[in-house]
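Below is one structure; the comments refer to it alone.
Quick caveat, the model's predicted, so the values are computed rather than measured. Position 1 is the first residue of the sequence; numbering continues from there.
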Amino acid sequence: MLQWVQRRVRAAYERLLRREISGAPTHVAVIQDGNRRYASKQGGDAPDGHRAGARTTEQVLHWCQEMGVEELTLYTFSTENFERPDHENEALFDLLEKKLHEFGDDDRVHDGEVCIRVIGDREALPERVREAIDYAERRTEHYDSFTLNVALAYGGRNELLNATRDVASAVEDGDLDPEDIDVSAIEDRIYDCPVRDVDLIIRTGGDERTSNFLPWHANGNEAAVFFCTPYWPEFSKIDFLRGIRTYESREESWRRTKAKRALTLVKALGGVELAEARGVIDGFRESLPEETSVEELGVEELEIESEGKAAE
């Protein structure tokens, strides 16, 4: 009876969250933390946790497609993870090899036209994993409806360091003028495949840090971050929807902030006609939440100030 009630409550809360969400981020990145702790809590070992986490990964992929997310990046194996015991890593490599082959053949992947890509230092991975990567990428490379990035042997600092070295080499060889070094010069050298800017980072397992994950694509875009306590195998659809709600709340707040900054700038200029000030703020209309009016942002104050100056 208790379980039935709990299921009904969860279902009701899920419906509530869906009603509160009007859209979805384009690119979600997930730090899948807590597999080993979950296994320990269940009385198992690390491979048991990783296998349970792989099932959650399949669910999240489905939820993203259902909500309209276009790109998902999973932080699956970091460069720091190489320091873990060999037997743990070997078991994880076996699982990665198996899952990459399965994803390459999965009807749901092909029906959803999912393009699978791996980002990271793949040369540091065992040959059998590299072969599985090639298989999954080759089988899905022509799809463009949804992108699944799997971060393997990945480290954000390493990513930026290698890109910087490539830029320095290009300048030294005379292939790149220092004056031409811009954002695209770095982005073109961050691995072989482009990654969209990250809109939302989700981290499971209770830790509140982003752990060297996609620093260029997330920090540069001021991505929203959602930390939650469930271990990755326990991550539920409700947790996922709460993450998207966090993203939406942050986006609305950020859009209001940008519009208010524009208003402050107009005020600071001084002597600007009211109609011209309204025109500047009106330029932000499309970016504002639907329920926000231009007057709400303070244009009324400009009108009062303008009338006061006229009276003088």
Side-chain angles (χ1 to χ4, degrees), residues 26-33 35 46-82 84 88-156 158-159 162 187-196 198 201-202 204 213-214 217 232-233 235 240:
T26 300
H27 184 183
V28 176
V30 181
I31 301 173
Q32 306 159 279
D33 196 16
N35 289 317
D48 296 322
H50 290 130
R51 284 189 289 269
R55 292 191 289 272
T56 300
T57 297
E58 294 174 6
Q59 292 178 316
V60 170
L61 177 58
H62 173 69
W63 297 336
C64 282
Q65 293 173 294
E66 184 182 81
M67 292 297 298
V69 175
E70 297 177 16
E71 187 160 354
L72 172 65
T73 300
L74 300 171
Y75 202 0
T76 304
F77 189 86
S78 71
T79 50
E80 291 80 9
N81 289 155
F82 282 110
R84 290 178 176 174
E88 281 191 18
N89 284 343
E90 287 302 313
L92 179 55
F93 293 147
D94 288 342
L95 179 62
L96 288 170
E97 178 188 4
K98 176 184 176 184
K99 286 299 178 182
L100 285 166
H101 275 107
E102 288 181 356
F103 271 31
D105 293 330
D106 196 316
D107 289 339
R108 293 169 297 179
V109 169
H110 294 287
D111 290 343
E113 297 186 342
V114 178
C115 176
I116 298 173
R117 304 184 304 188
V118 169
I119 60 174
D121 184 7
R122 63 180 69 192
E123 293 304 313
L125 297 166
E127 183 177 358
R128 67 184 189 280
V129 177
R130 296 200 303 270
E131 290 175 353
I133 291 170
D134 292 340
Y135 180 79
E137 290 184 335
R138 187 173 63 252
R139 292 272 288 157
T140 63
E141 62 185 355
H142 55 290
Y143 295 140
D144 60 6
S145 293
F146 186 90
T147 301
L148 172 62
N149 303 308
V150 184
L152 297 177
Y154 176 87
N158 190 52
E159 177 183 61
N162 289 336
E187 288 184 340
D188 291 344
R189 290 167 170 81
I190 296 180
Y191 298 122
D192 298 326
C193 47
V195 174
R196 291 184 180 94
V198 176
I201 292 180
I202 295 174
T204 62
F213 187 35
L214 296 172
H217 299 94
W232 179 242
F235 186 72
F240 179 71

Original post:
Side chains of Val30 and Leu72: does their closest heavy-atom pair fall under 4.5 Å?
Top reply: yes

Subject >> Backbone of Val195 reached by a side-chain donor or acceptor of Glu71 within 3.5 Å >> reply: no

Subject >> Distance in Å, Asp94 CG paired with Arg128 CZ, rounded so as to fall on 0.5 Å steps >> reply: 4.5 Å

Subject >> Within-4.5 Å side-chain heavy-atom neighbours: His27 and Glu70 >> reply: no

**OP:** Measure the shortest side-chain to side-chain distance between Glu58 and Arg108 over non-hydrogen atoms and say whether it is less than 4.5 angstrom.
**Re:** yes

Subject >> Heavy-atom side-chain proximity of Ile201 to Tyr75 below 4.5 angstrom >> reply: no

Original post:
Considering the options Lys99, Gln32, His50, which one meets the side chain to side chain donor-acceptor pair (under 3.5 Å) requirement together with Thr76?
Top reply: Gln32

Original post:
Quick one: does Thr56's side chain have a donor or acceptor within less than 3.5 Å of a partner on Pro233's backbone?
Top reply: yes

Original post:
Can you tell me how far CZ of Phe103 sits from NE2 of His101, rounded to the nearest 0.5 angstrom?
Top reply: 13.5 Å

Subject >> Qualifying residues under side-chain hydrogen bond (donor to acceptor under 3.5 Å, both in side chains), relative to Thr26, sequence neighbours excluded >> reply: none

**OP:** Write down the atom of Leu214, the atom of Ala29, and the distance for their closest heavy-atom approach.
**Re:** CD1-CB, 3.8 Å

Original post:
So how far is it from Asp144 CG to Glu113 CD, rounded to the nearest 0.5 Å?
Top reply: 6.5 Å

Subject >> Which atom of Ala54 lies closest to which atom of Leu95, heavy atoms considered >> reply: CB-CD2, 4.5 Å

Subject >> Distance, nearest 0.5 Å, that separates CZ of Phe240 from SG of Cys64 >> reply: 4.0 Å

**OP:** Give a yes or no on whether the backbone of Leu125 and the side-chain of Arg130 come within a donor-acceptor separation of less than 3.5 Å.
**Re:** yes

Original post:
Does any N or O in the side chain of Asn89 come within less than 3.5 Å of the main-chain N or O of Asn81, such that one atom is a donor and the other an acceptor?
Top reply: yes

Original post:
Is the shortest heavy-atom distance from the side chain of Asp134 to the side chain of Arg122 under 4.5 Å?
Top reply: yes

Subject >> Minimum-distance pair of heavy atoms, taken over all atoms of Trp232 and Gly53 >> reply: NE1-O, 3.0 Å

**OP:** Output all residues satisfying salt bridge (Lys or Arg N to Asp or Glu O under 4.0 Å) with Arg51, sequence neighbours left out; order by chain, then residue number.
**Re:** Asp48

Subject >> Shortest non-hydrogen separation from Ile116 to Thr140 and the atoms involved >> reply: N-OG1, 2.9 Å

Original post:
So, does Thr204 use its side chain to make a donor-acceptor pair with the main chain of Asp33 at under 3.5 Å?
Top reply: yes

Original post:
When you check the side-chain N and O atoms of Asp105 and Tyr135, is any donor under 3.5 Å from an acceptor?
Top reply: yes

Original post:
About how many Å separate CZ of Phe235 and CD1 of Ile202, when rounded to the nearest 0.5 Å?
Top reply: 4.5 Å

Original post:
How about Leu148 and Gln65: do any of their side-chain heavy atoms sit closer than 4.5 Å?
Top reply: no

Original post:
Does any N or O in the side chain of Asp106 come within less than 3.5 Å of the main-chain N or O of Glu102, such that one atom is a donor and the other an acceptor?
Top reply: no

Original post:
For the residue pair Pro126 and Phe93, what are the closest heavy atoms and their distance?
Top reply: CG-CD1, 3.4 Å

Subject >> By ring pair (Phe, Tyr, Trp, His ring centres under 6.0 Å) - contacts of Phe146 (at least two apart) >> reply: none

Subject >> Straight-line distance of Leu152 CG to Leu74 CG, nearest 0.5 Å >> reply: 9.5 Å

Subject >> Residue pair Gly104 / Arg139: nearest heavy atoms and the distance that separates them >> reply: O-NE, 3.0 Å

